[in-house]
Amino acid sequence: MSDEPGTPSRTGSTAGSPAAAAAGSSHTTAAVIPAAGRGVRLGPGAPKALRTLNGTPMLVHAVRAMAGSRAVSLVVVVAPPDGAAEVEALLAEHSWPPGTELLVVPGGDTRQESVRLGIGVLPESVTAVLVHDAARPLVPVDTVDAVIAAVRNGAPAVVPAVPLADTVKQVEPQSGGGPEPVVATPERALLRAVQTPQGFDRALLARAHATVTHDVTDDASMVEQLGVRVVVVPGHEEAFKVTRPLDLVLAEAVLARRRINDGF
Ligand code: CTP
Ligand code: MG
């Protein structure tokens with residue numbers, strides 16, 4: 001195990017075979033979880049992915065959601081650059097579905113770079129990749145499965161998305177902080193808020209990350225820039241991104257509601 005950039009460390013049920021994720025691996029669908037962000041908008045504290053929801057770190061919830069899909073047998077967690085050992089120890093404290101392999105790799109300065117580092121350790125055998133933000137810890141497994149099904153049915157790039165509740169205005173930002181003039185009001189019915197996991201043909205995602213170098217906020221937009229069509233499947237309200245402090249309140253409320261509904 002090592003904290004050297006790009007050196008993955010392994011944990012999970014196949015930890016006994018260190019070469020499992022390299023040559024000879026049989027994984028076909030993998031999830032890459034960028035979890036290397038600081039969480040500046042959440043305020044001071046541990047890196048966002050390690051902050052807890054009802055006592056359990058967000059990252060553990062997110063890994064559970066990916067590993068909970070029967071199709072996903074490999075989960076690559078992209079840890080804060082100096083926190084790979086800590087993340088690995090955290091994941092080793094939990095139990096995972098049999099046959100799930102977890103890899104931990106240190107991340108980079110941007111989300112894009114972190115995803116690229118995660119993609120870089122995927123074994124040859126992987127043909128479909130999910131990219132899922134650790135900051136969306138409560139995505140239901142059904143949503144994960146819907147994305148995988150669409151990729152497996154031939155869509156090269158798939159995003160889960162939901163209609164918008166708010167009307168959206170395009171503005172002209174003002175450097176002095178003055179009132180921003182409204183430039184346009186896109187028709188709300190044509191807009192979608194996109195979530196993760198986003199699902200991709202592995203070769204296409206690798207090509208997108210090798211080609212697009214300027215800043216983007218999601219992986220699908222890189223694929224769009226290659227001229228490849230991205231399709232939408234229904235997202236879920238519980239797949240919202242934990243970004244600001246109020247989102248923590250909502251996430252803990254969702255978990256409490258699940259516990260009541262599940263009867264434990
Ligand atoms: N991420 C990452 N590496 C980075 C930056 C972000 O892996 N250098 C990950 C985050 O950990 C998160 C996901 O990308 O799971 C989405 O990013 P965001 O919600 O913006 O998280 P942060 O960047 O941590 O938050 P903030 O922008 O408020 O600092
Ligand atoms: Mg960020």
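Numbering starts at 1 and runs along the sequence shown. Just so it is clear, the values below take in all heavy atoms, side chains as well, and ignore hydrogens, waters and symmetry mates.
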Output a table of donor-acceptor pairs, distance under 3.5 Å, between side-chain atoms of residues 112-119 and any protein atom two or more places apart or on a different chain; print 'none' if there are none.
residue : atom : partner : partner atom : Å
Gln112  : NE2  : Val212  : O            : 3.4
Gln112  : NE2  : His214  : O            : 3.2
Glu113  : OE1  : Asp109  : N            : 3.2
Ser114  : OG   : Gly108  : N            : 3.0
Ser114  : OG   : Thr110  : O            : 3.2

Worksheet entry | Step-by-step salt bridge (Lys or Arg N to Asp or Glu O under 4.0 Å) determination, Arg136 to Glu238 | CA-CA 8 Å; Arg136 297 183 189 271; Glu238 293 182 1; over 6 Å; no
Discussion item. Checking Leu102 against Val77 for the side chain to side chain contact (heavy atoms under 4.5 Å, CB included) test, could you report, in this order, the C-alpha distance in whole Å, the side-chain angles of both residues, the deciding distance, and whether it holds?
Written reply: CA-CA 7 Å; Leu102 305 182; Val77 173; 5.7 Å; no
Discussion item. For a salt bridge (Lys or Arg N to Asp or Glu O under 4.0 Å) check, start with the C-alpha distance between Arg257 and Glu252, then their side-chain angles and the critical distance, and finish with the verdict.
Written reply: CA-CA 9 Å; Arg257 183 176 70 177; Glu252 293 198 324; over 6 Å; no
What's the separation between atom [atom1] in [X] and atom [atom2] in [Y], rounded to the nearest 0.5 Å?
X	Y	atom1	atom2	value
Asp247	Arg41	CG	CZ	9.5 Å
Leu53	Leu59	CG	CG	11.0 Å
Met58	Leu42	CE	CG	5.5 Å
Arg51	Leu248	CZ	CG	6.0 Å

Item to complete: Go through the steps to decide whether Glu180 and Glu172 satisfy the test side chain to side chain contact (heavy atoms under 4.5 Å, CB included), and finish with yes or no.
Response: CA-CA 6 Å; Glu180 299 173 325; Glu172 204 169 86; 5.9 Å; no
Worksheet item: Do we see a donor-acceptor contact under 3.5 Å between the side chains of Ser125 and Ser25?
Response: yes
Discussion item. Can you confirm whether the side chains of Asp142 and His236 place a donor and an acceptor under 3.5 Å from each other?
Written reply: no
Fill in: Arg192 side-chain N/O to Ala189 backbone N/O, donor-acceptor pair under 3.5 Å
yes
Practice prompt. Using modelled atom types only, decide if a donor and an acceptor are shared between the side chain of His61 and the backbone of Ala65 within a distance under 3.5 Å.
Written response: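 Side chain of His61 to backbone of Ala65, a donor-acceptor pair under 3.5 Å: no, none is there.
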Worksheet item: Pick from Gln195, Lys48, Arg111, Lys241: which one makes a side-chain hydrogen bond (donor to acceptor under 3.5 Å, both in side chains) with Asp133?
Response: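 Filter result, single survivor: Arg111.
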Item to complete: Would you check, one step at a time, whether the test side chain to side chain contact (heavy atoms under 4.5 Å, CB included) holds for Ser73 with Thr29?
Response: CA-CA 7 Å; Ser73 58; Thr29 303; over 6 Å; no
Item to complete: Determine, stepwise, if the pair Val76 / Ile33 fulfils side chain to side chain contact (heavy atoms under 4.5 Å, CB included).
Response: CA-CA 6 Å; Val76 177; Ile33 302 185; over 6 Å; no
